[in-house]
Amino acid sequence: MSRILITSAIPYINGIKHLGNLVGSQLPADLYARYMRMRGNEVLFLCATDEHGTPAELAAARAGKPVAEYCAEMWQVQKDLSDGFGLSFDKFGRSSSEQNRALTQHFAGKLADAGLIEEVVESQVYSHADGRFLPDRYIEGTCPNCGYDKARGDQCENCTKQLDPTDLIEPRSAISGSTDLEVRETRHLYLKQRSLRADLKAWIDSKTDWPILTTSIAKKWLNDGDGLQDRGITRDLDWGVPVKRGADPWPGMEDKVFYVWFDAPIEYIACAKEWTDGMGRPDADWERWWRTDKGADDVKYVQFMGKDNVPFHTLSFPATIIGSGEPWKLVDYIKSFNYLNYDGGQFSTSQGRGVFMDQALEILPADYWRWWLLSHAPENSDSEFTWENFQTSANKDLADVLGNFVSRITKFCRSKFGEEVPSAGAWGPDEDALIARLEEGLAKYTAQMEAIEVRKAAAELRALWVLGNEYLQSSAPWTVFKEDPDRAAAIVRLALNLVRLYAVISAPFIPDASARMLSSMNTLDMEWPDDVRAALGALPAGHAFAVPDVLFRKITDDEREDWQSRFSGRRT
RNA sequence: GGGCCUGUAGCUCAAUUGGUUAGAGCAGAGCGCUCAUAACGCUUUGGUUGGGGGUUCGAGUCCCUCCGGGCCUACCA
């Protein structure tokens, strides 16, 4: 038994997440967490909402609510949706928590003590009408290069030229449209990542088994141009973790907050404390996951995220941890994902394009989405969601291969032997052959799960489901029954046990269907089938069961067409 | 502009890291079965691996070049 710490990239508080967000971090993380728990490991699986930053303030303003209230409401919305998708977090925390506030300030203090914080005076654009400093991309104007009139302060989307806000002709606030802007000086804290470059490089270079997507992004940031740059870790905003040096005030920083990307990863740690605090347990119970001086030495820490998050997890957050000089746990493996596209374009939160988590659950149960998304996870390159592919995959894999197997064997048994496991007959060479194939397939499946090869694991699981149909076809109990009912009983006894076995091994992918299968087989036995032959005897002769309702109904062409047109435009 | 990823059957993806005849699923075709959600099983059609050049005994894999798709480029997160 091992101890495994799993974190999913924390979703931003601003709005409901789409299926691309889900498949890029939370869902595969959940798959891994469920699997590792079932294999008898001690797992701590953490996630939270990422609540600070400019977009949260603007979203709250649009909603006409104080930002704290807005975030609290959106946290509940996201929590309910993550429950709806069966995401089995041990704790779904908040980056705005007291725990994260204190820990973020603690890290900043330690970094300052280590000489890794520098104060820098810089010039930024201030908008009088908005009453705030504007990040570069919140300033719009005419591009001096191509004349495009909606160029942003960081880059012109039309000619792709990199810009500085002061380059723009007739700059205006992207928030209010106001042109009453001025350049002001403001003082900020920088994390001296340059000083940590050698440590970070050695650490990244030691990670030879990480996905190439992960290490290539990290190495680019380490080596490109002048190498890793120092990073500003404070902002002139109201909403965020107030800048303090540990518990002490930080002179000159009174009205500032930490940059959201400084405090967000620290929430991975603070979330563990939220978890134990919520249960009234002592700090030692979370520190044994995070402090290598307090028992976390034997923890394997795995992070899941989309590719856009990689620089912060491979460099910035490790810089915070290493720079602190304290014995915090560093990540052991980073599983990163590409993007899921939607019908020929991108999913987009800002444009409301695609299918969002709440909408998905309104039209179909979570298991349909979990299965399709995981079996098509964008591991090696961006992948694409289409309604046709979704319909055929779900119907074929879930309804025809798995669902129909459960249906055909339970109904056959009911009609010939009644709703209990028949006792007569004995297994022979056919069963030996099937068990050998199951053992072989199971070994492949578990190997892919251990390696976090999500799509390959799904393919191996499906292949295991197919074995059941092949077995029934070749053993043909409906024919055998006419001449040798006892032999048919033996076949049925095995096949009914196969339903339970499938429920167990499929649970990480489709937990709800798995629970219904177990329930109809009238058992709570979720023991992993390390010994296949023994596992196929878990339901003994005479054990009562009930024919379940249709496990997965099919998606009709009418439904598909309806959804296709319904989700073709923008979300309102 | 720079960096990285990517292009394999009609579709979605593999290919043990340079090694026999490039494999699966879906879709298509044929046959079988009749327990089952018009379900299942078996067989089968289909590829000049984006184009061109090179290295090698041997290239989907390495190099060069051209074409297409995508991501990142540090103040969105």
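Not measured: the values here are computed from a predicted model.
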Does the aromatic ring of A:F412 sit over the six-membered base ring of B:rC35, closer than 5.5 Å centre to centre and tilted less than 30°? no
Determine the contact category for [X]: base if any of its heavy atoms lies under 4.0 Å from a base atom, sugar-phosphate if only primed atoms, P, OP1 or OP2 are that close, otherwise nothing.
X	answer
A:G227	base
A:E453	nothing
A:V260	sugar-phosphate
A:E388	nothing
A:I409	nothing
A:Q229	base
A:F552	base
A:K220	base
A:G53	sugar-phosphate
A:D50	sugar-phosphate
A:V466	sugar-phosphate
A:L472	nothing

Would you say a side-chain N or O of [X] is under 4.0 Å from OP1 or OP2 of [N]?
X	N	answer
A:K456	B:rA24	no
A:K396	B:rC40	yes
A:R231	B:rC75	yes
A:R462	B:rC26	yes
A:K554	B:rA39	yes
A:Y259	B:rA74	no

chi for B:rU17 classified (syn = within 90 degrees of 0, anti otherwise) as syn
Exercise. Do A:R132 and A:E57 sit within salt-bridge range, that is, some charged N less than 4.0 Å from a carboxylate O?
Worked result: yes
Inset, instruction - Using only heavy-atom distances, determine whether the side chains of A:N389 and A:S393 contain a donor-acceptor pair under 3.5 Å. - result: yes
Discussion item. Under a plain distance cut-off of 3.5 Å, with no hydrogens placed, do A:E431 and A:Y471 share a side-chain donor-acceptor pair?
Written reply: yes
- Item | A:N404 (side chain) and B:rA39 (base): donor-acceptor pair under 3.5 Å | no
* Please walk me through it: do A:E379 and A:K456 pass salt bridge (Lys or Arg N to Asp or Glu O under 4.0 Å)? -> CA-CA 10 Å; A:E379 287 174 297; A:K456 290 177 184 174; over 6 Å; no
Distance under 6.0 Å and angle within 45° of ring axis: A:K192 vs A:Y190
no
